2 protein chains.
Amino acid sequence: MKTGFTAITLADQVEEKIINFIKENNLVPGDSLPNEMEFVEMMGISRNVVREAMSRLRMLGLIQTRPKRGIVVTEPPLLNGLKKVLDPNLLSIGTIKDMMGMRIALETGITDFVFNNVTGADIMELEQIVSRQEAIGINNLSVEDEMLFHTKIYKIAGNSFILQFNEIMHPIFVFAKQNYESHFQPINIKLKEQDRIVEHADLLQLIKIGKKDEYRNAIKAHLQPYWEFLYNYNK
Amino acid sequence: MKTGFTAITLADQVEEKIINFIKENNLVPGDSLPNEMEFVEMMGISRNVVREAMSRLRMLGLIQTRPKRGIVVTEPPLLNGLKKVLDPNLLSIGTIKDMMGMRIALETGITDFVFNNVTGADIMELEQIVSRQEAIGINNLSVEDEMLFHTKIYKIAGNSFILQFNEIMHPIFVFAKQNYESHFQPINIKLKEQDRIVEHADLLQLIKIGKKDEYRNAIKAHLQPYWEFLYNYNK
DNA sequence: CATATACTATTTGTAGGACAATTATAACAA
DNA sequence: TTGTTATAATTGTCCTACAAATAGTATATG
């Protein structure tokens with residue numbers, strides 16, 4: 001049985017042609033595109049097909065369309081597509097594991113940026129986050145609590161693309177954490193057996209005393225259990 | 001003048017509803033969706049609108065559609081959308097700079113993975129790449145030549161998502177490199193004034209002798225000029 | 001009985017026409 | 001000059017029709 005094959009539709013081709021049209025004519029955000037009927041005539045196809053293609057580009061944020069005004073090129077938000085597609089239910093464990101790996105690489109990789117940019121005010125904010133989390137108790141931390149600390153770290157790094165990427169990865173982290181904890185419940189039992197777990201307080205301390213290399217190792221140790229766990233996990 | 005506002009169309013809403021339908025019913029790759037006409041009746045809209053929404057999901061790789069068979073959920077390739085949208089002409093310098101920053105963070109961040117996974121065969125392959133590049137001469141390296149070395153590093157890291165991401169970022173790297181070199185031509189003049197440039201041969205040497213921390217600093221030094229350059233660059 | 005072939009019905013793919021909704025532009029009025 | 005109104009152009013939505021592909025069934029064939 002033939003499987004997986006999907007025909008290339010006219011909409012697919014027209015979508016590509018329109019993207020090429022933008023590139024070949026060096027259009028930049030703010031420039032106008034020909035209107036729907038002009039594309040219809042240019043390509044000898046029906047308006048429906050043009051509209052399907054435009055609808056795609058519109059969703060990606062590559063164009064904006066308004067009655068009478070026509071079609072205008074816009075600066076696309078880069079991660080629109082990824083956001084819509086990133087549902088752990090639809091992804092293989094291998095993919096989820098790779099994404100957690102990417103997250104680890106990213107968060108260790110921004111260490112230099114973090115240490116370059118961090119201010120006294122940042123540290124104060126981190127201290128507040130940590131003390132609030134200690135009040136809650138490490139065993140009761142929700143994923144959102146957990147996220148607060150990391151998001152602040154990303155903000156200090158000062159790269160809005162990375163920040164955005166991290167936000168979008170959130171469902172993956174939720175998935176990894178929930179499944180991890182449902183296996184090693186309660187999580188702290190498992191962790192007490194090992195060397196003491198790396199907590200946010202430890203990470204903050206390393207930032208405060210400027211131990212960059214130790215921080216890099218610590219943040220990795222903080223995240224890696226979830227990644228390693230995914231090796232043995234079956235959905 | 002009102003600007004930037006784009007109406008929320010029916011297609012936008014239907015797209016969202018279909019995605020929610022998949023999530024709420026816990027559909028996984030291989031499961032079937034209701035066909036077009038069923039959605040038409042469910043939502044009281046025209047078939048055109050449903051088709052626009054489906055066309056979007058199809059583009060993202062979230063579904064496959066075939067006559068008679070209907071609509072089937074598929075595991076989405078995560079970066080379909082990003083790939084279509086990533087054209088340096090359409091992006092602000094700030095965004096491009098952030099993406100280069102992400103690349104630097106990623107490539108430094110995978111250092112641990114690289115050193116954990118690297119084999120003798122990998123090193124031999126890297127040696128071949130480096131010696132070929134030295135034959136060409138560092139000043140004559142095309143972006144594609146340059147890329148060969150880095151792509152191999154990413155492969156060693158063994159994370160296909162990161163590898164894919166790097167491939168998609170290629171246009172950004174081309175843009176950064178070309179503009180950098182058109183400012184400091186020839187690039188080597190500029191670099192000779194500084195401490196000796198970090199070349200692929202140096203990176204390879206550090207891998208061979210297992211100097212992980214030095215490698216991490218070196219790979220950063222190797223890439224950072226492009227990133228810093230973007231600060232002062234105006235399109 | 002097994003296997004290949006042809007048929008049928010269903011569903012997506014494409015086309016074209018009609019009208020509604022929106023709004024940039026022009027024309028006009030104050 | 002400024003504000004209002006009319007207009008015309010363009011996208012947004014709906015509808016109908018048919019083409020193309022194909023899963024499933026029926027039929028023919030060895």
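A note on names: the letters A, B, ... follow the listed sequences, proteins ahead of strands, and every chain is numbered from 1. Any value given below was found using the heavy atoms of this structure, including those in side chains, with hydrogens, waters and symmetry copies removed. Every value quoted in this text rests on a predicted model; they were computed, and no experiment measured them.
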Shortest non-hydrogen separation from A:I18 to A:M54 and the atoms involved | CD1-CE, 3.5 Å
For B:E24, what residues pass the side-chain contact (heavy atoms from CB on, under 4.5 Å) criterion, not counting sequence neighbours?
-> B:N20
Determine whether any donor atom in the side chain of A:N48 lies under 3.5 Å from an acceptor atom in the base of C:dG16, or the reverse, and answer yes or no.
-> yes
Residues that B:D12 engages under side-chain contact (heavy atoms from CB on, under 4.5 Å), provided they are two or more places apart = A:R58, B:I8, B:T9, B:R56
Between A:R51 (CZ) and D:dC14 (C1'), how many Å, whole number?
-> 12 Å
With B:K97 via side chain to side chain donor-acceptor pair (under 3.5 Å) - residues at least two apart | B:Y231
Whole angstrom value for the distance that separates C1' of C:dT11 from CE of B:M54 | 12 Å
I'd like a table of atom pairs between the protein and nucleotides 18-21 of chain D - only N or O on both sides, under 3.5 Å - with the distance next to each one.
none

Output all residues satisfying side-chain contact (heavy atoms from CB on, under 4.5 Å) with B:R132, sequence neighbours left out; order by chain, then residue number.
-> B:Q128, B:I129, B:L148
Test: A:K83 and A:E167 ion pair at under 4.0 Å = no
For residues 106-119 of chain A, pull every pair meeting side chain to side chain donor-acceptor pair (under 3.5 Å), keeping only residues two or more places apart or in separate chains.
-> A:R103-A:E107, A:E107-A:H150, A:E107-A:Y154, A:D112-A:K212, A:D112-B:K220, A:T119-A:D122
Mind checking what makes ring pair (Phe, Tyr, Trp, His ring centres under 6.0 Å) contact with B:F149, not counting sequence neighbours?
-> B:H200
Any pair counted as ring-ring contact (aromatic ring centres under 6.0 Å, His included), so long as it reaches residues 17-52 of chain A, sequence neighbours left out | A:F21-A:F39
Give a yes/no on whether any side-chain N or O of A:T65 is located under 4.0 angstrom from OP1 or OP2 of D:dG12.
-> yes
State whether A:R58 places a side-chain N or O below 4.0 Å from either non-bridging phosphate oxygen (OP1 or OP2) of D:dG12.
-> yes
Taking DNA chain D as the partner, which of residues 10-46 of chain B come within under 4.0 angstrom of it by heavy atom?
-> B:L10, B:I45, B:S46
Return the polar atom pairs (N/O with N/O) between nucleotides 5-7 of chain C and the protein under 3.5 Å, or none.
none

So the ring-ring contact (aromatic ring centres under 6.0 Å, His included) pairs with at least one residue in residues 73-94 of chain A (sequence neighbours excluded) are none
Length of the line joining A:E52:CD and C:dA15:C1', which is rounded to integer Å | 12 Å
Residues passing the side-chain contact (heavy atoms from CB on, under 4.5 Å) test with B:S32, sequence neighbours excluded, are B:V72
